[in-house]
Trainee: 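The structure's right below; bear with me while I get my questions together.
Residue numbers start from 1 in every chain, and the chains themselves are labelled A, B, ... in the order their sequence lines are given, proteins ahead of strands. Scope of the values below: all heavy atoms of this structure, side chains included, with no hydrogens, waters or symmetry mates. Since the structure is predicted, the reported quantities are computational estimates derived from the model, not experimental observations.
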Amino acid sequence: AQKITQTQPGMFVQEKEAVTLDCTYDTSDQSYGLFWYKQPSSGEMIFLIYQGSYDEQNATEGRYSLNFQKARKSANLVISASQLGDSAMYFCAMREGSGGGKLIFGQGTELSVKP
Amino acid sequence: NAGVTQTPKFQVLKTGQSMTLQCAQDMNHEYMSWYRQDPGMGLRLIHYSVGAGITDQGEVPNGYNVSRSTTEDFPLRLLSAAPSQTSVYFCASSRSGGKIGELFFGEGSRLTVL
């Protein structure tokens with residue numbers, strides 16, 4: 001069965017430093033998608049970055065990059081130059097197959113950025 | 001710029017009461033889904049729909065009903081509320097193109113069942 005695992009319940013990082021949030025996944029599908037969402041304390045879910053299983057390049061979106069290691073089934077989120085506003089819960093998620101509408105989410109990692 | 005609209009944002013129910021969480025999207029997305037978020041468990045899929053008239057169960061469907069009579073609306077019905085249904089509920093929509101599966105979320109509905 002498909003599964004997403006985030007092993008870091010909480011992380012601390014100093015402002016302006018880079019941080020990596022871990023995510024491993026398990027699937028037997030050849031076609032899948034991996035997502036990262038941010039949930040600040042206000043509660044809304046904010047899309048950060050997407051990686052398709054057939055994408056050869058690691059995805060990047062501004063300060064966010066996704067370190068995609070297909071053989072290891074990992075999709076770690078790297079945030080460069082952390083900012084205080086990056087303090088939030090971060091969820092890794094995976095799309096099952098090639099259709100839309102259903103994502104499997106990990107348990108989340110709470111990131112705290114220290115000034 | 002409405003996107004996905006959920007109502008109500010907060011609700012307190014007594015055990016055994018029923019209620020409907022409303023969800024509407026104005027982006028003409030084919031897919032809609034309901035998730036619940038509980039501490040330490042991430043988001044879990046309750047029900048989803050791939051189009052008007054088509055719904056299916058997710059990981060935690062018990063105690064909930066859905067229907068999708070239009071592309072825009074996807075209400076979630078709690079038939080007889082239980083304390084275990086105390087949670088934050090998110091409605092989401094997604095499209096078939098682009099980043100397939102990217103979810104556009106509503107703001108969430110916090111439900112407390114006493």
Trainee: Short question: side chain of B/Tyr48, backbone of A/Leu103 - any donor-acceptor pair under 3.5 Å?
Mentor: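 Side chain of B/Tyr48 to backbone of A/Leu103, a donor-acceptor pair under 3.5 Å: no, none is there.
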Trainee: Give the intermediate values and the outcome of side-chain contact (heavy atoms from CB on, under 4.5 Å) for residues A/Tyr50 and B/Glu102.
Mentor: CA-CA 8 Å; A/Tyr50 166 80; B/Glu102 179 191 353; over 6 Å; no
Trainee: Could you go through B/Leu43 and A/Tyr37, starting from their C-alpha distance and side-chain angles, then the distance that decides it, and tell me whether this counts as side-chain contact (heavy atoms from CB on, under 4.5 Å)?
Mentor: CA-CA 11 Å; B/Leu43 279 74; A/Tyr37 284 85; over 6 Å; no
Trainee: Going by heavy atoms in the side chains, are A/Gln39 and B/Phe90 under 4.5 Å from each other?
Mentor: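 In contact.
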Trainee: Are B/Phe105 and A/Phe47 close enough that their ring centers fall under 6.0 Å?
Mentor: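 When the ring centroids of B/Phe105 and A/Phe47 are compared, they turn out to be at least 6.0 Å apart.
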Trainee: Name each donor-acceptor pair under 3.5 Å that joins a side chain in residues 104-115 of chain A to protein atoms two or more places apart or in another chain, with its distance.
Mentor:
from: A/Gln107; atom 1: OE1; to: A/Gln6; atom 2: N; distance (Å): 3.3
from: A/Thr109; atom 1: OG1; to: A/Gln8; atom 2: O; distance (Å): 2.7

Trainee: Between A/Met11 and A/Val13, is there a shared hydrophobic cluster once you connect ILVMFWY residues whose side-chain heavy atoms come closer than 4.5 Å?
Mentor: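 They do share one cluster, since a chain of ILVMFWY contacts under 4.5 Å joins A/Met11 to A/Val13.
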Trainee: Count I, L, V, M, F, W, Y as connected when their side-chain heavy atoms are under 4.5 Å apart, and connections chain through other members. Are A/Leu34 and A/Ile79 then in the same cluster?
Mentor: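 Cluster IDs for A/Leu34 and A/Ile79 match.
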Trainee: Mind checking the NZ-OG spacing from A/Lys102 to B/Ser94? Nearest 0.5 Å is all I need.
Mentor: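 Output value for this atom pair is 11.5 Å.
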Trainee: Tell me, side chain or backbone of B/Leu45 under 4.5 Å from chain A's heavy atoms, or both, or neither?
Mentor: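 The side chain, not the backbone.
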Trainee: Should A/Leu66 and A/Leu48 be regarded as members of a common hydrophobic cluster, given that ILVMFWY residues are connected when their side-chain heavy atoms come within less than 4.5 Å of each other, either directly or indirectly?
Mentor: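 Yes, A/Leu66 connects to A/Leu48 through the hydrophobic network.
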Trainee: State plainly whether one hydrophobic cluster holds both A/Tyr64 and A/Ile4, where clusters connect Ile, Leu, Val, Met, Phe, Trp and Tyr through side-chain heavy atoms under 4.5 angstrom apart.
Mentor: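 Yes, A/Tyr64 and A/Ile4 fall within the same hydrophobic cluster.
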Trainee: Go through B/His29, B/Arg110, B/Glu107, B/Gln37 and name the one with the most non-hydrogen pairs under 4.5 angstrom from chain A.
Mentor: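 Option with the top pair count is B/Gln37.
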Trainee: For the hydrophobic clusters of this structure (ILVMFWY residues joined by side-chain heavy atoms under 4.5 Å, transitively), does one cluster hold both B/Met41 and A/Tyr25?
Mentor: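 B/Met41 does not cluster with A/Tyr25.
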